[in-house]
There are 2 protein chains.
Amino acid sequence: MRADAQRNQQRILDAAEEVFTHRGASASTEEVARLAGVAIGTLFRHFPTKDDLLAAILKRLLARLAQEAATLGGADGLHIFFRRLVEQAAAKRTVVALADVSVPAAVGQLGEAVGQLLGQAQTAGTVRGDVRQPEVMALLVSLCQGALHGGWDVQLQERTLDVVFAGLAAQAPLAGSLRRPPPRPGAVGGRP
Amino acid sequence: MRADAQRNQQRILDAAEEVFTHRGASASTEEVARLAGVAIGTLFRHFPTKDDLLAAILKRLLARLAQEAATLGGADGLHIFFRRLVEQAAAKRTVVALADVSVPAAVGQLGEAVGQLLGQAQTAGTVRGDVRQPEVMALLVSLCQGALHGGWDVQLQERTLDVVFAGLAAQAPLAGSLRRPPPRPGAVGGRP
DNA sequence: TAAGATAATGAGTCGAGACTCATTTTCCAA
DNA sequence: TTGGAAAATGAGTCTCGACTCATTATCTTA
């Protein structure tokens, strides 16, 4: 590949990440090209479709996250990772793309990394043993989406994560339905 | 207001709810008009802007949800409401709009209703006392978003909600940061 | 029932944004 | 150096969807 082509491809990717993570996936390709300092035709030479471009930056993002997850570890690794991701989502739109375009391979990569973190946390006793990777990923994605759309402030984010972490830490497995103390006389309402 | 006008307004609202909850807010107004059986001009006579239309159905949806919340109650009311909403989100796009358009008044209404349910659950001892309404709303919105974008199956949804419910039920308040058993020698990693 | 106010109609305007391609420029191997 | 392949350029095309408005139809009330 020619040197200028390679350089432009990088520039376009960087610009696309900047634009799409801030303005969302509906930002225009022209804005990306402008920021990258290339003509629109050049952009489409490298990424024949807007979706191709989105998929490319998403792949990069997820790979980066997976790598970050891999450097973490230990009793708190999962929690730290969780917190960082949600913070990022609240500030930028980093993880949103996750929903708009799907790059199964990249998502799988991240899923595995999260699985590793989960395993270590469980070994260390920070997370109860009956939680599995899919629900952790589900929570992760949900909270990122929520933080993004809701525009949470720091306090709310903190309190919300605390609830989730408490759920991950709870000692007694709940086995598929809510377990609760026997209803006291005087409690309002009942089961419909 | 003339009788035909009133009838058409209803038809448009119903059609819009159907279309937007299934195809998302980016569905076209023409599709709404077609389903409603009116011309496009009629739609814009009633709702001068697409956003007005979105706001109108969102207001209706949220009011309906608030009302549903109000009929529930007791120890499990909050949990039942939570579960229903997330189920709906997984199937349709019901709650998504919540993010796209903002109708502060209607959201506030729903927030109050959820606050009521929370209070009752806390009185009944099903939810720990130090949880407040904003984080419950945050969790609710997050999980709906997650369920929607992730296309969860029933099992995953069940397991994910279980974790959240466990967090809401946990006996020991966590007071703003993760509390965990003292690290055992042999546990991997540590705090960065 | 007839006037006229109100509402419905739908072809047309307008702008935005994804994508194309004939032309020009740049790179690099010989 | 230079020939020609690879790449860049950007004005132009095309589609789609929100919104308009002159015309036609419908309702209502006196």
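Per chain, numbering begins at 1; letters A, B, ... match sequence-line order. As the structure is a computational prediction, the values presented were derived from the model and not from experiment.
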A:Ser28 backbone acceptor or donor facing A:Lys50 side chain under 3.5 Å: no
Crowding at CZ, B:Arg7 (>12 non-hydrogen neighbours, <6.0 Å): yes
Members of residues 41-49 of chain A that approach DNA chain C, where some heavy atom sits under 4.0 Å away: A:Phe44, A:Thr49
Residue met sooner reading DNA chain C from 5', once A:Glu30 and B:Gln6 are mapped to nucleotides: B:Gln6
Gap separating the CG atom of A:Asp4 from the CZ atom of A:Arg11, nearest 0.5 angstrom: 10.0 Å
A:Ile40 CD1 - C:dA22 C1' separation (whole Å): 17 Å
Any residue meeting salt bridge (Lys or Arg N to Asp or Glu O under 4.0 Å) with B:Arg60, in chain and number order, not counting sequence neighbours: B:Asp14, B:Glu17
Sugar-phosphate only, base, or nothing, as touched by A:Ala27 at under 4.0 Å among non-hydrogen atoms: sugar-phosphate
A:Glu112 side chain near A:Gln133 side chain, heavy-atom distance below 4.5 Å: no
Single hit among A:Val127, A:Val164, A:Leu161 for side chain to side chain contact (heavy atoms under 4.5 Å, CB included) with A:His79: A:Val127
Heavy atoms of other groups near A:Arg64 CZ, more than 12 under 6.0 Å: yes
Residue B:Ala39, side-chain heavy atoms: nucleotide from C:dA18, C:dA7, C:dT9 that is nearest: C:dT9
Residue met sooner reading DNA chain D from 5', once B:Arg7 and A:Gln9 are mapped to nucleotides: A:Gln9
Any donor-acceptor N/O pair, A:Thr126 side chain to A:Ala75 backbone, under 3.5 Å: yes
5' to 3' contact window, DNA chain D with chain A (heavy-atom distance under 4.0 Å): D:dA5 to D:dA11
